[in-house]
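Chain letters run A, B, ... following the sequence lines, proteins first and then strands; every chain starts at 1.
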Amino acid sequence: MASSDGEKPISTRENTETNAGFSVVKGKRIKLNDPATLAFPPLSIGLGKVPIEEAMPILCKVIKEFIDSHKDQRYFLVLVEEDHEILEYFRQASGNLWTFKSEMPDHCELTRDERLLLRKDVFDDQAMEDDRKCRFIACETTWRLKPDVTPFSRKVYKAAGSDLAKRIKEAYPQPGALGEAYPVSLPPESNIRKNKGIEQIIYVVAPNMNPARSDHLPLDEAKKSLTKSYQSMLNAFWSVANDNDYSPSNSLVTEHNEKKRKSSVEIPVAAAKSSQIHQPRNERSLYSNDWSRVLWEYCSNPEAFPSDIVYHYDDDVVITWDKFPKAQKHLLVMPRRRIEYIDDLKKSDIDTIELLKKKGQWVIDRLKEENAKLDFRMGFHAMPSMRQLHMHVISQDFNAPALKTKRHWNSFTTFFFIPVDNLLDVLRGKGEVTIDNEYYNRLLKGRLRCHRCEKEFKTMPMLKDHIRLHWE
DNA sequence: GTTCTAGAAC
DNA sequence: GTTCTAGAAC
């Protein structure tokens, strides 16, 4: 199977997309004679005491999803388990998801698609002779990221050498999160790397149902966490196998919160300087919160979308229909070059914002030709959820089924909505934008008031009934 | 961003 | 009992 022309990439087109919750890096350079291979144990069934009849179907399902999401990629997944009965359980749980080539022999079993192998021993010399050397090994761990909590991980830990614990601590000084994966790369001089070709060990915090331990979960929660554990493990594997960084989600969440905390458009109060922690922003292959970056796809590839999604685009600007419109007409106007948040803006971006305003006005003029009754506002959310700078162009009827919550309402009718002219004033004056996170969060939680007559309402349904009167 | 759902509010 | 919200999960 190994090719003699070695380094030839399968494809040079680089593109990340998601499929069934997995990040898929298309066409990354995978050396043909050095496939990405992950060896991993069944998680949570020993240490975590999740019943095997519950755990195995989850494992099968996640593997199936991963394989389906990575159809034209070359890699191997190797399930390693000493206990013959457990492997047999896996075969049974997998039903007819895969066709196994033969009855279970002692060490290596190929499935029909040649992506999944079962083995008794990760360091089996005979198995290591083939071209499917395990460049990556996953090990189960606890939230303290201890490297030696299961027989399998102890074995790997012993082989890796004693400085592994130190390397884990350096890479992840904070405790791990349940369901997350923590890849640790091995130094070139490490024995396990020199002799076995193992590059990284991926530590996975898997769920525990053992009542003797303090953090045990009920079955339904353990099952959810186990799914996530396997998904994180495979996502981490795929990221590092494609030379991407993988950031476990607990650190990502921290960065996100930090980022939001930092913010505060000058308009109400300047944020304290001490809160302006600059966080480096790395490129990351993402798994779960992909939704926060969907706008990037519109901006980088607007021609790929139909006109009921992308309203208009040119070299500098993309205009899309809001996917969940909060009024009769609701669009987003975005720069095509990547700007994440309004507090990334500098004086030099004034031209860009003016262009957004000009394009927004152009849209408004066109829409008013269709319906002269509509009136519009153009502006930005102080703390947006989506990661590309986007200016809302929204008609003021707020007559739309997707407008449901207090947060929705207040985000468009309080100072949380920063009109484009207001933003331009701040940029022209101060030259930068700071966002007071607490102030804006308070606005979102404030009382419900009609934007036309200031009348106050207790619930969203009552308010929605009322604003209809202004419209009709 | 939405969806889901527990429990608060009525 | 039903409606509605708010927070977690995704």
* **Presence of A:Lys326 side-chain N/O under 4.0 Å of B:dT2 phosphate oxygens OP1/OP2** => yes
* Structure fact -> Separation of C:dT5 atom C1' from A:Arg447 atom CZ, nearest Å, is 16 Å
* Minimum-distance nucleotide to A:Lys224 side chain [options: C:dC10, C:dC4, B:dG1] -> C:dC10
* Answer yes if the ring centres of A:His390 and A:Phe380 are under 6.0 angstrom apart, and no otherwise. => no
* **Nearest-Å distance for atom pair NZ/P, residues A:Lys404 and C:dG7** => 18 Å
* Has A:His381 got a side-chain N or O lying under 4.0 Å from the OP1 or OP2 atom of B:dG1? -> yes
* Asked: Taking atom P of C:dA8 as reference, at what distance in whole Å does atom CG of A:Leu178 sit?
  -> 16 Å
* Asked: Short question: side chain of A:His466, backbone of A:Met462 - any donor-acceptor pair under 3.5 Å?
  -> no
* **Options B:dT2, C:dT5, C:dC10, nucleotide nearest the side-chain atoms of A:Thr459** => C:dT5
* Measure the distance from CD1 on A:Ile394 to P on B:dG1 and round it to the nearest whole Å. => 11 Å
* **Whole-Å distance separating the CE atom of A:Met460 from the P atom of B:dC10** => 17 Å
* Asked: Between C:dG7 atom C1' and A:Lys406 atom NZ, what is the distance in whole Å?
  -> 14 Å
* Sidechain N-carboxylate O distance under 4.0 Å for A:Lys329, A:Asp322 -> no
* List the steps and the verdict of salt bridge (charged side-chain N to carboxylate O under 4.0 Å, His left out) for A:Glu54 and A:Lys223. => CA-CA 7 Å; A:Glu54 301 284 354; A:Lys223 284 166 74 175; 3.1 Å; yes
* **Between P of C:dT5 and NZ of A:Lys458, the distance in whole Å** => 12 Å
* To do: Measure the distance from CG on A:Leu295 to P on B:dT2 and round it to the nearest whole Å.
  => 12 Å
